[in-house]
Asks: 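Here it is: the structure, laid out below.
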2 protein chains.
Amino acid sequence: MSDVGRMAGVSAQTVSRFFTGTGYVGEETRLRIQHAIDALGYRPNRIARNLHVSRTDTIGVLTVGDFNYGSAQTLTGMSAGAQDADVALITTHLEQGEMPRPRQVQVAIERMISMRVDGIIISARIEGLEGILVETVRDDVPVVVIAGRPDTSVDSIVADSFTAGSLVMQHLLELGHRSIVYLAGPVDSDESRERERAYHRAMSRAGIPALPIVAGGDWTSIAGYNAGLQVEFSSFTAVFAGNDELALGFMAAARERGHSIPDDFSIAGVDDMPEARFFAPALTTARLDFSALGRGAFDMIRRRVDTGEPQDRILVAPQLVVRRSTAALSTR
Amino acid sequence: MSDVGRMAGVSAQTVSRFFTGTGYVGEETRLRIQHAIDALGYRPNRIARNLHVSRTDTIGVLTVGDFNYGSAQTLTGMSAGAQDADVALITTHLEQGEMPRPRQVQVAIERMISMRVDGIIISARIEGLEGILVETVRDDVPVVVIAGRPDTSVDSIVADSFTAGSLVMQHLLELGHRSIVYLAGPVDSDESRERERAYHRAMSRAGIPALPIVAGGDWTSIAGYNAGLQVEFSSFTAVFAGNDELALGFMAAARERGHSIPDDFSIAGVDDMPEARFFAPALTTARLDFSALGRGAFDMIRRRVDTGEPQDRILVAPQLVVRRSTAALSTR
DNA sequence: TAATCAAGGCCGACATCAGTT
DNA sequence: AAACTGATGTCGGCCTTGATT
């Protein structure tokens, strides 16, 4: 910076003013400085700046597990927000290994704080997160959590899985189905549990005994496929799948075993990933706008950073999309 | 830091040594310092550190366009590398809008350099990238590009689309197909063009006139679907789809129009996304290991940062996965 | 008085070198 | 000599104060 100043015949302080816009810089001086910057190929050092300034225009993002449609879209949404706000995202991605995850999370957060991020978005359900937050974050930095369960003390945003499940269940019930089974996602997923809760409530409200939950284990199509290989097809007429991928795998297994959809049973998922409408048959599903979710999370952390005030929990509303995989129960 | 020193009864300098591991710190002093750190909840400020140290342990990642299976997996791979190497990723995601993209890219790179990243990974084909690199990066920071065309002057890594295409074409030809059509991805995509090149070479080597390219427009299943609505089905017996998603959409359109696969025609894609094996029918495809691609890109930029030497271009090898969507040409 | 610019201190760490047991 | 520790200067900006036109 002093080089630039020297070349432009002014002090380094004036060059600083040139960049920050603080104080006055003469028109002619401004030109000379700009000229010197170009000539020298000078680039301001954000690090030095951030040492002084409290805000770094940087948000930390923590994600866990493989990117599926939902999490990738969520990240896209956050990135869009960051782009618009001219903020940099520092992303840390943790695998879902057997390693002591809480420790990893702690280390990751610790480093983000070390880098003086303005805020942190945690885009995953993490076991014992509250404890980590209390112990590690200690209000040093605002945190927004994208997670199913309303964590009491933290700002949070989430796709409304319960309503999504309710929409699907209502649809299946209206079609006349009574033997409905829930194909679950990961057991430790709030989203899956919320959808399951919707399942149970819908069943009990309809006065139908709930069927045993079919466990997928994770959100992948493979899990759905494996579930479909083991399940007893005579026990149900409709499947509520925790997400579209599970539904896809399940349908493939059903096909292999000689069952046709929706003639033999109906099936519906959650998410409405772009591929869902091209499944065979096209999948009925509850659409979730993950891009808006990510965007919302980013906006939320920003507001929190700006105002310092706690933010109201946000639920991203689902929308039922009816396609060919669900049909009225045939009276056979 | 000086607070910690004061509390532990030592100078700030000794505390610094405590963290960096440089020089000697007495056993007992070490304990006192650790104690003070815990008591004060002190966290070292990486920003201040980076002001001094040349390496920031930070890599910038630039991505463009929506996350599909490939790009999401690539990001996962890079993140895994970063996690292992204890490096932070600063990600910037640009939408594929009509905005003057080169300008956006330039701004994004400029900011990364301002943040003093150790290196930059550009995970996309970008129009006029070489110019931007020359003009903006100016050797200030190493760059690795994930892109289809061997950019002469830059380190690069890419999935071997040409071989992938060749594998698929060889498979289709061996099945007896001669009327094969290529369902293209984005016109400005090197990957799609490489696959198309493989198509043309395979056809000419087999002494068969190439059929007109069917344009998808982008990589999405919707593009494949639209193409499938317009195409003349009597003109081919096999389809080489630029990727799995295009194939999915195309199959859905074919189904709608009363064609069955692989009886009426065969189809194969590229990628082997996890869903591909559950398509109806299961999709033959050339598997690409995007996770390894991302991992390789990260390792490459690290080596470049460490050694300063140009890295050899890496091609990630594909692998043919034969499933039910392709069958021998029936002699009708 | 208003516009413009310079000097010096400081942010929080680290390197160097000198000093102490 | 070896193990340890402290003082000083520096990284590259920004802020405050004060001087100059």
Side-chain angles (χ1 to χ4, degrees), chain A residues 1-37 39-58 86 88 110-118 140-141, chain B residues 1-37 39-58 86 88 110-118 140-141:
Chain A
M1 200 157 190
S2 57
D3 292 341
V4 175
R6 191 173 316 120
M7 178 161 174
V10 296
S11 75
Q13 285 65 32
T14 305
V15 181
S16 170
R17 269 191 293 269
F18 172 86
F19 277 112
T20 55
T22 325
Y24 307 96
V25 178
E27 187 58 37
E28 193 221 351
T29 314
R30 194 177 299 276
L31 250 63
R32 285 211 313 280
I33 292 175
Q34 182 63 56
H35 191 71
I37 288 172
L40 266 46
Y42 170 80
R43 250 188 284 267
N45 184 332
R46 266 192 116 93
I47 292 183
R49 175 179 212 280
N50 290 341
L51 188 54
H52 227 277
V53 177
S54 56
R55 169 172 304 204
T56 57
D57 286 326
T58 275
D86 196 27
E110 200 91 44
R111 193 179 50 186
M112 286 176 181
I113 297 180
S114 263
M115 297 178 79
R116 297 298 189 263
V117 295
D118 293 333
D140 285 355
V141 62
Chain B
M1 199 159 190
S2 57
D3 292 340
V4 176
R6 190 174 315 120
M7 178 162 174
V10 295
S11 76
Q13 190 43 232
T14 305
V15 181
S16 169
R17 267 193 289 269
F18 173 87
F19 276 112
T20 56
T22 323
Y24 308 96
V25 178
E27 189 56 40
E28 191 222 353
T29 314
R30 181 170 263 106
L31 250 63
R32 284 212 315 278
I33 293 176
Q34 183 62 59
H35 190 72
I37 288 171
L40 265 48
Y42 169 79
R43 250 188 286 266
N45 184 333
R46 267 191 114 90
I47 292 183
R49 174 175 214 281
N50 290 341
L51 188 55
H52 216 273
V53 177
S54 57
R55 167 171 305 204
T56 56
D57 286 326
T58 276
D86 196 27
E110 202 90 45
R111 192 179 50 185
M112 286 178 184
I113 296 179
S114 263
M115 298 179 79
R116 297 298 187 261
V117 294
D118 293 332
D140 285 356
V141 62

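Chain letters run A, B, ... following the sequence lines, proteins first, then strands; residues in each count from 1.
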Asks: For B:Thr20, report the nucleic acid contact type (base, sugar-phosphate, nothing); a contact means any heavy atom under 4.0 Å.
Replies: sugar-phosphate
Asks: Look at A:Tyr24 and C:dA3 and indicate whether a side-chain polar atom (N or O) is within less than 4.0 Å of OP1 or OP2.
Replies: yes
Asks: Any heavy-atom pair between the side chains of A:Arg43 and B:Asp140 that's under 4.5 Å?
Replies: yes
Asks: Measure CG/B:Asp3 against P/C:dC11 and give the value in whole Å, please.
Replies: 11 Å
Asks: What is the distance, to the nearest angstrom, from the CZ atom on B:Phe18 to the P atom on C:dG12?
Replies: 20 Å
Asks: Mind checking A:Arg116 for me? I need base, sugar-phosphate or nothing, with any heavy atom below 4.0 Å counting as a touch.
Replies: nothing
Asks: With no hydrogens and no angle check, is any side-chain donor or acceptor of A:Ser114 less than 3.5 Å from a backbone partner on B:Pro44?
Replies: yes
Asks: Could I get the full list of salt bridge (charged side-chain N to carboxylate O under 4.0 Å, His left out) partners for B:Arg49, not counting sequence neighbours?
Replies: none
Asks: Enter the inter-axis angle for the ends of the helix from C:dA2-D:dT21 to C:dT21-D:dA2 (five pairs per end, rounded to 10°).
Replies: 40°
Asks: Considering every strand and a 4.0 Å limit on heavy-atom distances, what is the contact class for A:Thr14: base, sugar-phosphate, or nothing?
Replies: sugar-phosphate
Asks: Under 4.0 Å from a heavy atom of chain A: give me the 5'-most and 3'-most nucleotides of DNA chain D that qualify.
Replies: D:dG12 to D:dC15
Asks: A:Arg17 CZ to C:dA7 C1': how many Å, rounded?
Replies: 11 Å
Asks: Would you indicate whether the side-chain heavy atoms of A:Asp57 and A:Arg46 approach each other to under 4.5 Å?
Replies: yes
Asks: Applying salt bridge (Lys or Arg N to Asp or Glu O under 4.0 Å), which residue pairs with at least one partner in residues 8-33 of chain A are found, sequence neighbours left out?
Replies: A:Glu28-A:Arg32
Asks: Is A:Thr29 close enough to C:dC5 that one of its side-chain N or O atoms is under 4.0 Å from OP1 or OP2 there?
Replies: yes
Asks: Output every pair passing salt bridge (Lys or Arg N to Asp or Glu O under 4.0 Å) with a member in residues 3-14 of chain B, not counting sequence neighbours, ordered by first then second residue.
Replies: B:Asp3-B:Arg6
Asks: Is there a side-chain contact between B:Phe18 and B:Ile37 (heavy atoms, below 4.5 Å)?
Replies: yes
Asks: Hey, are A:Gln13 and A:Ser11 close enough side-chain-wise for a donor-acceptor pair under 3.5 Å?
Replies: yes
Asks: Side chain of B:Gln13 only, please: which of C:dC5, C:dC14, C:dA6 is the nearest?
Replies: C:dC14
Asks: Contact between A:Arg116 and A:Thr58 at the side-chain level, heavy atoms closer than 4.5 Å - yes or no?
Replies: no
Asks: Any donor and acceptor pair, going by atom type alone, linking the side chain of A:Arg111 with main-chain N or O of B:Asp86 inside 3.5 Å?
Replies: yes
Asks: Assign each of B:Gly23 and A:Met1 to its nearest nucleotide of DNA chain D by heavy atoms, then name whichever residue's nucleotide is nearer the 5' end.
Replies: B:Gly23
Asks: Keeping B:Thr29 on the side-chain end and B:Val25 on the backbone end, is there a donor-acceptor pair under 3.5 Å?
Replies: no
Asks: If you look at every strand shown and take non-hydrogen atoms under 4.0 Å, does A:Val15 touch a base, only sugar-phosphate, or nothing?
Replies: nothing
Asks: For DNA chain D, find the residues of residues 45-58 of chain A with a heavy-atom distance under 4.0 Å and give them by number; none if there aren't any.
Replies: A:Asn45, A:Ala48, A:Arg49, A:Leu51, A:His52
